[in-house]
Peer 1: 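What follows is a structure written as structure tokens; I'll ask about it next.
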Amino acid sequence: MHVFDYTNAIVREPGDSVVQGLRDDPSATPSLEGVRAEHRAYVAALQGAGIAVDVLPPLEDFPDSVFVEDPALVFGDGAILLRPGAPSRLGEREHMRAALKRHFTCVLELDGDEYADGGAVLVTPRTVFIGMSKRTNRTGAEALRARLAELGREARIVETPKGVLHFKTACALLSEDTIVATKPMADSGIFKDTRVLITPDGEEAAANLLRANDVVFVGDRFVRTIAMIRAEGLDVHPLTVTEIAKLDAGLSCMSLRWSVSPRI
Ligand code: CIR
């Protein structure tokens, strides 16, 4: 059983409002049909990897609610309801609470002025990294570390490199012992005890890839990253995330994933 073995996932369909989602570059307007098509292909890819997907209905009042990774953190034995750091996203948690209660008997929560996005959290076999950023404050990171301890998991609070939205925007777990990271993330020394593959120049956005069971989902534009991962002997499934990327998102952001039992 690996931390990237999943039996279940939660996703949320994008609403029409998704095109008004938060983004660093306001001139990058995604196409609604494009986002929908990319999301459909993503859900099909998760299902193709053997994952049972709970598809939640769109929330028009919350343009970014398709990025379900941010309001929660889930494990086979429990979930944590987070408090997203962007004011327009905070209300997503109430909708996520209901979904979590359907799947998990243990649901812990952040509260008060504790802010943390799920995109800040990288789960690895040995530790859980919590990357502080403009969405995840120190209070939120510390509260999250305490909740993780309640779930029996050790966490390390680290700094996200400057200008990076979420910790996992710039890194992902590829296998039991290897992380893929951008050069600034690798240079930060955070992963100095781990084998790191660096994304090729110009393909930094490929770092937000997703390892799920035996497959690695990678943005299809990132041909050199795909070749690098295939050279590791891994099965790569390229997915189009061109429109999603205009909303500063990648492949981990669109699902919450967990394993209810060891896969056979
Ligand atoms: C946001 O800015 O919150 C969304 N437009 C993108 C969220 C991406 N989520 C993630 O990296 N975990």
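Predicted, not measured: the structure shown is a model, and the values here were computed from it. All ligand and atom numbering here is 1-based and tracks the order in the structure.
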Peer 1: Give the atom numbers and elements of ligand 1 that come within less than 4.0 Å of a heavy atom of G119.
Peer 2: 12 (N)
Peer 1: If only side-chain N and O atoms count, and only distance matters, is there a donor-acceptor pair under 3.5 Å linking S255 with R257?
Peer 2: yes
Peer 1: State whether a side-chain donor-acceptor pair under 3.5 Å links N8 with H103.
Peer 2: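 The criterion, which ignores hydrogens and geometry beyond distance, is not satisfied for H103 and N8.
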Peer 1: Among R89, Q20, K246, which one has a heavy atom closest to atom 3 (O) of ligand 1?
Peer 2: R89
Peer 1: Quick one: does C253 get an N or O within less than 3.5 Å of an N or O on ligand 1?
Peer 2: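 By distance alone, the answer is no.
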Peer 1: Heavy-atom distances under 4.0 Å decide this one: backbone, side chain, both or neither, for R135 against ligand 1?
Peer 2: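 Answer for R135: side chain.
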Peer 1: Taking only heavy atoms of F67, which atoms of ligand 1 are found under 4.0 Å from at least one of them?
Peer 2: 4 (C), 5 (N), 6 (C), 7 (C)
Peer 1: Taking the inter-plane angle between the rings of F129 and F191 on a 0 to 90° scale, is it parallel (under 30°), tilted (30 to 60°) or perpendicular (over 60°)?
Peer 2: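 F129 and F191: perpendicular rings.
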Peer 1: Give me the residue, atom name and distance of the protein heavy atom closest to atom 9 (N) of ligand 1.
Peer 2: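 Going atom by atom, the protein heavy atom closest to atom 9 (N) of ligand 1 ends up being D70 OD2, 2.9 Å.
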Peer 1: Is there a donor-acceptor contact under 3.5 Å from the side chain of K134 to the main chain of L165?
Peer 2: no
Peer 1: Any idea which part of D64 is under 4.0 Å from ligand 1, heavy-atom wise: side chain, backbone, both or neither?
Peer 2: side chain
Peer 1: If you count the atoms of ligand 1 from 1 in the order shown, which ones are under 4.0 Å from a heavy atom of L247?
Peer 2: 4 (C), 5 (N), 6 (C)
Peer 1: Can you tell me which portion of D117 lies within the under-4.0 Å heavy-atom range of ligand 1? Options are side chain, backbone, both, or neither.
Peer 2: neither
Peer 1: Which pairs with one or both residues in residues 34-69 pass ring pair (Phe, Tyr, Trp, His ring centres under 6.0 Å), sequence neighbours excluded?
Peer 2: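 Output for this query lists F62-H95.
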Peer 1: Salt-bridge test for D193 and R126: reply yes if a basic N is under 4.0 Å from a carboxylate O, no otherwise.
Peer 2: no
Peer 1: Less than 3.5 Å apart, any donor N or O on the side chain of S65 or E92 sitting next to an acceptor on the other?
Peer 2: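 No.
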Peer 1: Could you tell me if E38 and T240 have a donor-acceptor pair between their side chains, going purely by distance under 3.5 Å?
Peer 2: no
Peer 1: Using a 4.0 Å heavy-atom threshold (strictly under), name the region of K168 that reaches ligand 1: side chain, backbone, both or neither.
Peer 2: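 Neither; nothing of K168 gets under 4.0 Å from ligand 1.
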Peer 1: Using distance alone, determine whether E69 and ligand 1 share an N or O pair under 3.5 Å.
Peer 2: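 Yes; at least one N/O pair falls below 3.5 Å.
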Peer 1: Should H166 be counted as touching ligand 1, given the test is an N or O pair under 3.5 Å?
Peer 2: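 Yes, H166 has an N/O under 3.5 Å of an N/O on ligand 1.
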